[in-house]
Amino acid sequence: MACFPEFTQPCLDSKTHVIMKGQNVSLICSNQNKSLRITYDLFRNGQHLGHKEGEPLFYSLSITEAHELGPYKCKAQVLNCTKYSHPFNFTFFDPVTTPMLNINIIQMKTDLYITLHCISFSGSLPINYTFFEKNTTVSPVISKNVREPAEFNLTRNNTGEVEEYKCKAENMPNHAKYSQPFPIPLTGGDSCPFCLWLLPLGLLLVLIVIILTLAFWILPKHKAKKAMKDKVPRDCGNTPMEVGIYANIHKNQADKESAPGLEPRSCVSTAQDETGHSEEIHYTIPVFQEVKPKDYEACNDGKTVHVYSELAI
């Protein structure tokens, strides 16, 4: 059976295609012909959702899951004549997050060249960006269909005042976020824009030079002293050097003759450092001679007695 010529394809539509999770939406299925008694049925992925006879079908629902986005279809039927609408799909909308503002500055003697960059790292595309100086708009709306920063260039005179910049990111009406304000001090034409960067760098280089100079000056001396200490012999002949002998010596001792065979012995050691210079170190061995008991001298009323011996060097 042929359909009525005035019976056209139904239309399935909603007030919005882009929604947020959990948002309530309404679908309407209708036909341009108002004289025919039309029966409407709504389906989603083959699942029957609603039915209406004689008037357009309105269907309300809340969409929280991805499979609820569609596709939706509407069937219109008059007697045995049936026609279907085009499929309809919703799209989830993610609001933008707070954008990040980055500023690059080139400061000349009289002018300041400023490049502003603004980006929101999440949110449904496209995103519209706008730049502000204090609370005044300084740029047109810059729309981005890809996740990349919006850029805007401007030139300002060095007036010595502080200018404040910020940007706005928006992907739907009433869903806008602003960046944190970014102050820029304009220090005037006689300023040095790079001095604050060069001063710490210069101090760091001076410190490095001082450290290297001390290292190259102290380290060889330390190594040379250590080498000389390691090369010095620990004894001379068979007599140990590190022997401590204590005696009280009387400078006017009567007997100044040394005992035979007790002549002092000496030796000479030569140590050489890493630079090739040699140094002689002289050692002597003291010889002590026992004195007769008569050569005593009493001190402090006889309370303390000292024995003196001659030291021959």
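Atom-to-atom distance recorded for Phe131:CZ and His117:NE2 is 8.0 Å, nearest 0.5 angstrom. Between Glu164 atom CD and Phe132 atom CZ the span is 12.5 Å, to the nearest 0.5 Å. For the atom pair CE of Met100 and CD1 of Ile119, the computed distance is 9.0 Å after rounding to the nearest 0.5 Å. One finds the CG atom of Asn31 at 4.0 Å from the CD1 atom of Ile38 (value rounded to the nearest 0.5 Å).
A 4.5 Å side-chain heavy-atom check between Asn157 and Asp111 finds at least one atom pair inside the cut-off. With a 4.5 Å cut-off on side-chain heavy atoms, Lys177 and Thr97 do not count as touching. Residues His17 and Phe88 have side chains in contact (heavy-atom distance under 4.5 Å, counting atoms from C-beta outward). Annotation: side chain of Leu27 is in contact with side chain of Phe90 (closest heavy-atom distance under 4.5 Å). At least one side-chain heavy atom of Glu151 sits under 4.5 Å from a side-chain heavy atom of Thr115. Contact of the Asn89 side chain with the Leu69 side chain is not registered, since no non-hydrogen atoms from C-beta on lie closer than 4.5 Å. Two residues are said to be in side-chain contact when any heavy atoms from C-beta on lie closer than 4.5 Å; Thr155 and Tyr113 meet this criterion.
Applying the 6.0 Å contact sphere to NZ of Lys15 captures no more than 12 heavy atoms from other residues, nucleotides or ligands. Within a 6.0 Å radius of CD in Gln180, no more than 12 heavy atoms belonging to other residues, nucleotides or ligands are found. More than 12 heavy atoms of other residues, nucleotides or ligands shown are found within 6.0 angstrom of CD1 on Ile103. Within 6.0 Å of CG on Asn135 lie no more than 12 heavy atoms contributed by other residues, nucleotides or ligands. Residue Met172 qualifies as enclosed at atom CE: its count of foreign heavy atoms under 6.0 Å is above 12.
In this structure a side-chain-to-backbone donor-acceptor pair under 3.5 Å is present from Ser85 to Cys74. For Ser124 (side chain) and Asp94 (main-chain N/O), a donor-acceptor pair under 3.5 Å exists by modelled atom type. At least one donor-acceptor pair closer than 3.5 Å links the side chain of Arg147 to the backbone N or O of Gly123. Between the side chain of Gln77 and the main chain of Leu79, a donor-acceptor pair closer than 3.5 Å is present. Judged by distance alone, the side chain of Ser120 and the main-chain N or O of Ser122 form a donor-acceptor pair under 3.5 Å.
For the pair Lys52 and Phe58, the cation-pi test (distance below 6.0 Å, angle within 45°) is failed. In this structure, Lys75 fails the cation-pi test against Phe43, since its NZ or CZ atom is not both closer than 6.0 Å to the six-membered ring centre and inside 45 degrees of the ring normal.
The aromatic rings of His51 and His48 sit tilted, their planes meeting at an angle between 30° and 60°.
Nearest heavy-atom pair, Lys144 versus Pro149, reported as atom, atom and distance to 0.1 Å: CE-O, 3.6 Å. Between Ala169 and Ile127, the closest heavy-atom pair is CB-CG2, 4.0 Å. Looking at every heavy atom in both residues, Pro71 comes nearest to Asn45 through CD-OD1, 2.9 Å. Shortest non-hydrogen contact noted between Leu49 and Tyr59 is O-CE1, 3.3 Å.
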| query | Run the disulfide (SG to SG under 2.5 Å) check on Cys167 and Cys118 step by step: do they pass? | reply | CA-CA 6 Å; Cys167 69; Cys118 185; 2.0 Å; yes
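Both Leu42 and Ile19 are part of a single hydrophobic cluster, where members link through side-chain heavy atoms under 4.5 Å apart.
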